[in-house]
Number of protein chains: 2
Amino acid sequence: MTTAEETQRHQEGALSNPSAVGLVAVIIAATDGEPRALTVQVGGQAKGRSDGLPAGPLVPEHPTLERGLRAWVERQTHQRLGYVEQLYTFGDRDRQGDDAGGLHSLSVAYLALVREVRPGGLAEASWRNWYRYLPWEDWREGRPESLGEIEAKLLSWMETATDPKLRRRREDRLALTFGLCGGTWNEERVLERYELLFEAGLIPEAQGQSGEAQDGDRRTTGQPMALDHRRVLATAIGRLRGKIKYRPVVFELMPPTFTLFQLQRTVEALSGTNLHKQNFRRLVAQQGLVEETDAITSGATGRPARLVRFRREVLLERPAPGFRLRAVRRPA
Amino acid sequence: MTTAEETQRHQEGALSNPSAVGLVAVIIAATDGEPRALTVQVGGQAKGRSDGLPAGPLVPEHPTLERGLRAWVERQTHQRLGYVEQLYTFGDRDRQGDDAGGLHSLSVAYLALVREVRPGGLAEASWRNWYRYLPWEDWREGRPESLGEIEAKLLSWMETATDPKLRRRREDRLALTFGLCGGTWNEERVLERYELLFEAGLIPEAQGQSGEAQDGDRRTTGQPMALDHRRVLATAIGRLRGKIKYRPVVFELMPPTFTLFQLQRTVEALSGTNLHKQNFRRLVAQQGLVEETDAITSGATGRPARLVRFRREVLLERPAPGFRLRAVRRPA
DNA sequence: CTCACTTATGCTCAATCTGAGCATTGTGCC
DNA sequence: GGCACAATGCTCAGATTGAGCATAAGTGAG
């Protein structure tokens, strides 16, 4: 069959593979300078319960996928979603675990940013610091200590490759993702790092995928999640870290008014790095991202700070405002 | 039902909405300084034939969606795909036309870049300049002439809003996407522009979606495509235009060796703008994106140019190499 | 052969942006 | 008042950019 024939057959509705399609949502908030994701408890008694992301079937009654997701999440969590963006569509074998009875299954993942964290809301849902699941991604206190052990294991995984070409390829990947062997750490490569760990057998969720021995230790390789949800989370973090650099999406996580330092803390929380304070303010000022209110903080230690608010107008003005975050280089 | 319950039910496989899932591929090449997409003829005799993108059912026999797409396209087109990336998953109502017999239908769209254009290959498939479908996106010869008419229509669409708030919102969107009313043109907002035209009733494909009068004219609003394929194409172009700025993906479109000017022409073709020649070379040199060969062009008019080739090593070196394209400002 | 034309390539220069740090200003606390 | 701690202002050298000028090295016409 030619492409054209196949296309035509497809477009006339003669589809051969009905599939089970679901939604997964990565719902992000940032309070107290910590990045948080909404998680739920999933899993029956047999396998034990574990953290997972909110997920559900595709709701067909909505005009678009995004609107459907929005309504679904807002109904479930009573959160108003600020910003919503489609993340990625994960297929079967990208995932692990049971196929849904022979059906091919897909998950359409969405990233959503919410402003406030309603504490009560749902019994089984809770906000968790996302670095709980990916501890090696948090460089705010300097190089994460868990990284030492991880690197050692990755290096020995590299060594297990006997084929020199394969070994070389692995070395390149280590350099690219974890900054080993002379590479540099790029905070956006969250997914690539997760996938590398997965392949190297350091991720417990990889069980059943291959028979290799699992080498997971929550202190170093983080807490597991149900199914492939950690992969989805990693995708979300990577995307968000990229996005804040050229679109003012952080403000979707901020309260109506805030101080520049709170804003900086939020950006740092997302990107997992520290920023140079004065330069950060200069950047924000130059870009005209915020405007001053006449309120001033009080009570806290140190000199009170001026409260500012996001200038919605920038969405129309500059081509692509955001933060170009330059991590401050730390001595040791 | 709570989120957690729903999630659990979902994850245990009790899915309620089996859906028809398909793939769509935007396969891009660039030859002779023109950006081209692979198109096929689709549609039966009743509706008339029209251009469409290669599409087909999801192939379940592959480990991941991407690998599946890769195999499928390579089998169909005998093209080796260089770079493949998932674009977006389009839902039903995002699309137009017939639901597939009550099934909810999804299309997972992929972007692929190929190096060479095999001319023969498929009878019904052909490479088409992508600006044929989105003529307002090509600013290489200066402001596209079709834009005058488009803007006039958009402005009158804006005026039809009686509610001042709605009118205001439309004005903002015109500024943001088409640079009207004091905004600036941003070459990455391809999808937003298409969607605006769609809403404004300037896109013939919108028929049946709403009863509004269609105002399409191929010379100004471009040639239509089947279903929502123009939307998919617009998504692809926007994504690619963004990507070339921070990842060296253009090289996936180039032959093994090429001149710097050919490279520039390709980047210009994709971005739809003109670049400053000397600065472009300086950028490429600085970033170390290419290395010289000892071959030199000959035969063409003008001084012969050195042939260069892509330095694969940069993929490992710099954090995120690509082109920051600054359009050269033209006087008129 | 020389000229006109075309493209390649080298180089300059001012304006701006960046990374890093020093200095000063308000507050709460002892 | 003196201290610790943030907020805020300001400087400064080095790198990056945008825009051009100038020169080199081919082709084709006369």
Side-chain angles (χ1 to χ4, degrees), chain A residues 32-33 184 245-246 257-268 271 273-309 318-332, chain B residues 32-33 184 245-246 257-268 271 273-309 318-332:
Chain A
D32 311 321
T184 50
K245 290 181 191 158
Y246 61 96
T257 69
F258 47 87
T259 69
L260 287 178
F261 195 50
Q262 283 166 357
L263 181 65
Q264 182 180 345
R265 282 283 182 239
T266 305
V267 173
E268 289 175 336
S271 72
T273 59
N274 285 308
L275 305 175
H276 184 273
K277 188 160 167 171
Q278 294 95 317
N279 290 346
F280 179 81
R281 327 179 106 246
R282 178 175 61 186
L283 185 69
V284 176
Q286 267 177 1
Q287 307 256 101
L289 291 170
V290 302
E291 63 194 357
E292 300 192 342
T293 69
D294 26 53
I296 298 259
T297 56
S298 67
T301 168
R303 173 172 167 180
R306 165 140 267 134
L307 286 167
V308 299
R309 89 181 117 242
R318 323 196 109 271
F323 302 102
R324 281 147 278 162
L325 1 131
R326 327 275 155 176
V328 66
R329 240 167 295 174
R330 324 179 117 255
Chain B
D32 313 320
T184 51
K245 290 183 191 156
Y246 61 94
T257 70
F258 47 88
T259 70
L260 288 177
F261 195 51
Q262 283 165 357
L263 182 64
Q264 182 180 346
R265 282 283 181 241
T266 304
V267 174
E268 290 175 335
S271 72
T273 58
N274 285 308
L275 305 175
H276 185 271
K277 186 158 167 175
Q278 293 95 319
N279 290 347
F280 179 82
R281 329 180 104 244
R282 178 174 62 186
L283 186 68
V284 176
Q286 266 178 0
Q287 308 257 100
L289 291 170
V290 302
E291 62 195 0
E292 299 191 343
T293 68
D294 26 53
I296 297 261
T297 56
S298 67
T301 167
R303 173 173 166 179
R306 165 139 268 136
L307 286 168
V308 298
R309 88 182 117 240
R318 325 197 109 270
F323 302 101
R324 281 147 275 161
L325 2 132
R326 328 273 154 177
V328 67
R329 240 168 294 173
R330 328 179 116 251

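Please read all numbers here as calculations on a predicted model, not as lab measurements. Proteins come first, then strands; the chains are lettered A, B, ... in the order of their sequence lines, and each starts at number 1. Values below: all heavy atoms of this structure, side chains included; hydrogens, waters and symmetry mates excluded.
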Minimal non-hydrogen separation, A/N274 against A/R265, with atom names: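 Shortest heavy-atom separation between A/N274 and A/R265 comes out as OD1-NH1, 4.5 Å.
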Smallest separation among heavy atoms of A/T257 and A/R309, with atom names: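 Result for this residue pair: CG2-CB, 4.4 Å.
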Distance, nearest 0.5 Å, that separates [atom1] of [X] from [atom2] of [Y]:
X: B/D32; Y: B/Q262; atom1: CG; atom2: CD; result: 10.0 Å
X: A/N279; Y: A/K277; atom1: CG; atom2: NZ; result: 12.5 Å
X: B/Q264; Y: B/L283; atom1: CD; atom2: CG; result: 10.5 Å
X: A/R306; Y: A/T297; atom1: CZ; atom2: OG1; result: 10.0 Å
X: B/R282; Y: B/L260; atom1: CZ; atom2: CG; result: 14.0 Å

Expressed as a whole number of angstroms, how long is the span from [X]:[atom1] to [N]:[atom2]?
X: A/Q286; N: C/dT18; atom1: CD; atom2: P; answer: 7 Å
X: A/Q287; N: C/dT16; atom1: CD; atom2: P; answer: 16 Å
X: B/H276; N: D/dG20; atom1: NE2; atom2: C1'; answer: 6 Å
X: A/F280; N: D/dA6; atom1: CZ; atom2: P; answer: 17 Å
X: A/R281; N: C/dT24; atom1: CZ; atom2: C1'; answer: 13 Å
X: A/N274; N: C/dG19; atom1: CG; atom2: P; answer: 15 Å
X: B/Q262; N: C/dA8; atom1: CD; atom2: C1'; answer: 13 Å
X: A/Q264; N: D/dA6; atom1: CD; atom2: P; answer: 12 Å

So do the side chains of A/T266 and A/F258 get within less than 4.5 Å of each other, counting heavy atoms only?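 SC-SC contact between A/T266 and A/F258 ruled out.
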Quick one, B/L307 and B/T259 - any side-chain contact, counting heavy atoms below 4.5 Å?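 Sidechains of B/T259 and B/L307: in contact.
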So, OP1 or OP2 of C/dT7: does either fall under 4.0 Å of a side-chain N or O from B/K277?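 Checking B/K277 against C/dT7: no side-chain N or O falls below 4.0 Å of OP1 or OP2.
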Taking only N/O atoms, report every protein-nucleotides 25-30 of chain D pair under 3.5 Å with atom names and distance.
unit_1	atom_1	unit_2	atom_2	d
D/dA25	O4'	B/R303	NE	3.3

Protein-nucleotides 11-15 of chain C N/O pairs closer than 3.5 Å?
none

From C/dG21, C/dA8, D/dA7, nucleotide with atom closest to A/A305 side chain: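 Nucleotide nearest to A/A305's side chain: D/dA7.
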